[in-house]
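All values reported here derive from a predicted model rather than from experimental measurement.
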Amino acid sequence: MRVLAFETAFQPTLTWAKAHERHLSAVAMVGGFAFDSWAFGSIDHAITQAVFIVYLLVAGVAIALMHGLESRPEAERPSARVRTILLATIQFALGCLLSGFCVSYIRSASVLASWPFLLFMLAIFIGSEYFRHYHSRLVFAALLFFFTIYSYAIFLVPMVLGRIGTVPFLISGGVAGLLFFLYAMSLARLGPERFQGARRQIVWGAVAIAALINLFYFARVFPPLPLVLTDAGVYHNVKRTGDVFRAAAEEIPARWRDLFGTYPVMHVQPKARLYIYSAVFAPHGLRTLIRHEWQWQDPADSGWKTQQWRDIAIEGGRENGYRFYTYKTAPRQGQWRVNIETVDGRSIGRVRFSVEVQAVPPATAVKLLK
C-alpha cells in the first residue's frame with residue numbers, strides 16, 4: 001500500500017520524467033560534472049578516494065541492476081519509471097567519476113597534453129544522447145564503466161607503489177582488466193541471454209579502449225598522472241628562507257595580452273639571471289624526478305633549441321605541491337619557454353616568456369610563493 005501511495009503521489013513527476021528522459025539523461029550527466037568540479041579535492045585525500053569508490057560502486061550496482069531487471073521475462077521487466085530512475089543514477093555516478101578525472105587533468109597547466117582525454121569525454125557525452133536502445137545502452141554503459149575503472153587505476157596504482165612510470169601504468173591496465181573481467185562475469189550470470197548478445201561488442205570495445213589509452217600514453221600525449229602543476233612563474237630572483245620562498249617579480253601591467261597569444265616580457269641586464277619557479281603536487285609517499293628544460297626560439301628557423309636542463313628529485317605529500325626552482329644566467333634576447341616535465345619527456349606544464357636586454361635593472365616587487 002505504501003509503495004502504491006508513493007507511486008500515486010509522484011505519478012505526475014515520474015510521467016513527466018519519462019516524457020523528457022532524453023533531456024534528463026543529459027542533465028544528469030552534466031550535473032555529475034558540475035557537482036564534482038565544485039566538490040572534488042586532492043587525489044590523495046581519504047575523502048576523495050572514498051567518493052571515487054562510492055561512485056564506482058553506485059555505477060556498477062546500478063548497471064548490473066538494470067541489466068538483471070531487463071533480463072527478466074517481458075511481464076516481469078521494470079516499469080518505465082524504474083528504468084528512468086536507474087538510468088539517471090547510472091549517468092550521474094559515471095558523470096561524477098568522469099568529472100573527477102577531468103578536474104585532475106584541468107588542474108594541470110599542461111592543457112595541450114590533456115586534450116585527448118577531454119575530447120574523449122565529450123564524445124562520451126554526445127554518445128549518451130544517441131544510444132537509446134537497451135542493447136546499445138548495455139554496451140555503452142559497460143564500456144564507460146570500464147573506462148572509469150581504468151582511469152581510476154591510473155591514479156591509484158602510482159600512489160600505492162609510490163612511483164610513476166611505465167611499469168605502474170602497465171600494472172594499472174592489468175588491475176583494470178582483471179576487475180572488469182570479474183564484473184563482466186557477474187553481468188553474464190545476471191542475464192546470460194542478453195549479455196551473450198552484447199558480449200562480442202563489450203570485449204572488442206574494452207580492447208579498443210585499452211589500446212587507445214596505451215597509444216596515448218606511449219605517444220606521450222597523457223600527462224604523468226597523478227602529478228599536477230599547482231604553480232609556476234618566471235622571476236628575477238627566488239630565495240628560500242626556511243619554509244618560505246620569496247621572489248622578485250617584475251610588474252607586467254598589460255596582463256590581458258596573454259589572452260591574445262603573447263607572453264610576459266622580462267627585462268634583464270647583461271649577465272643577469274632569470275629564475276623559473278614551479279610547485280608540483282604529488283600524492284604522499286610518491287618520489288620522482290622532475291625536469292626544467294630551458295628552450296630558446298631561434299629566429300632563423302623558428303625552432304626551439306634546448307639551452308640547458310636540470311633534474312630535481314621531488315617527494316609528494318605537500319598540499320600545494322613540492323616547490324623548486326632553476327635559473328639561467330645571461331639568457332639571450334628573444335622568445336623562451338621552460339618545459340616542466342618528467343625525465344622521460346611527459347609534460348606537466350610550461351612557462352612562456354620573452355626576454356629583452358637593457359642596461360638598467362627593472363622595477364620588481366617581492367612576492368611570496370605558495
Side-chain angles (χ1 to χ4, degrees), residues 14 17-18 21-22 24-26 28-29 32 52-98 100-101 120-121 123-154 156 171-215:
L14 294 173
K18 174 59 181 176
E21 180 182 359
R22 180 182 181 89
L24 288 175
S25 296
M29 181 164 280
F52 267 134
I53 293 172
V54 168
Y55 285 155
L56 283 168
L57 289 175
V58 169
V61 170
I63 292 171
L65 184 59
M66 173 76 84
H67 173 61
L69 292 175
E70 290 286 355
S71 298
R72 292 178 176 180
E74 186 71 29
E76 300 178 12
R77 290 182 183 176
S79 63
R81 63 181 66 89
V82 171
R83 295 181 72 256
T84 299
I85 293 172
L86 281 176
L87 181 58
T89 301
I90 293 168
Q91 291 189 307
F92 182 81
L94 292 177
C96 287
L97 283 166
L98 291 170
F101 303 139
F120 188 66
M121 284 200 301
I124 290 172
F125 175 77
I126 295 175
S128 68
E129 286 297 290
Y130 291 97
F131 287 91
R132 306 311 303 167
H133 300 295
Y134 173 72
H135 179 271
S136 296
R137 188 178 298 146
L138 172 62
V139 174
F140 181 76
L143 293 179
L144 184 54
F145 188 56
F146 171 63
F147 177 75
T148 58
I149 293 175
Y150 207 146
S151 299
Y152 182 56
I154 291 173
L156 182 62
I171 293 175
S172 301
V175 170
L178 176 60
L179 291 177
F180 186 68
F181 172 78
L182 296 175
Y183 182 75
M185 291 301 96
S186 68
L187 292 180
R189 291 177 64 88
L190 285 172
E193 293 185 7
R194 283 184 173 271
F195 182 82
Q196 186 65 26
R199 183 176 62 86
R200 183 183 298 273
Q201 293 177 341
I202 291 175
V203 170
W204 286 110
V207 170
I209 290 173
L212 185 63
I213 292 176
N214 279 267
L215 175 63

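In terms of heavy-atom proximity, L143 sits nearest to A206 at CD2-N, 3.3 Å. Residues A59 and L94 share a closest heavy-atom pair of CB-CD2, 3.7 Å. Annotation for A198 and V139: closest pair CB-CG2, 3.7 Å, computed over non-hydrogen atoms. Contact record, I63 with A141: CD1-O, 3.7 Å, taken as the closest heavy-atom pair.
Using a 4.5 Å heavy-atom threshold, the side chains of L144 and I90 count as separate. Looking only at side-chain heavy atoms (C-beta outward), L190 and F195 stay at 4.5 Å or farther from each other. Between F145 and L56, the closest side-chain pair of non-hydrogen atoms falls below 4.5 Å. When side chains are defined from C-beta on, Q196 does not count as touching E193, because their heavy atoms never get closer than 4.5 Å.
Using bins of under 30°, 30° to 60° and over 60° for the plane-to-plane angle, the ring pair Y55/F92 lands in the perpendicular bin. Aromatic ring pairs are classed by plane angle as parallel below 30°, tilted from 30° to 60° and perpendicular above 60°; the pair F146 and F180 is tilted.
Considering CG of L97 and CD1 of I53, their distance stands at 11.0 Å, rounded to 0.5 Å.
Between the side chain of H67 and the backbone N or O of L138 there is no donor-acceptor pair closer than 3.5 Å. Side chain of Y183 to main chain of G60: a donor-acceptor pair is present (N/O by atom type, distance under 3.5 Å, no hydrogens or angles).
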Checklist entry - Given I213 and I154, is the side chain to side chain contact (heavy atoms under 4.5 Å, CB included) satisfied, shown in steps? => result CA-CA 10 Å; I213 292 176; I154 291 173; 4.0 Å; yes
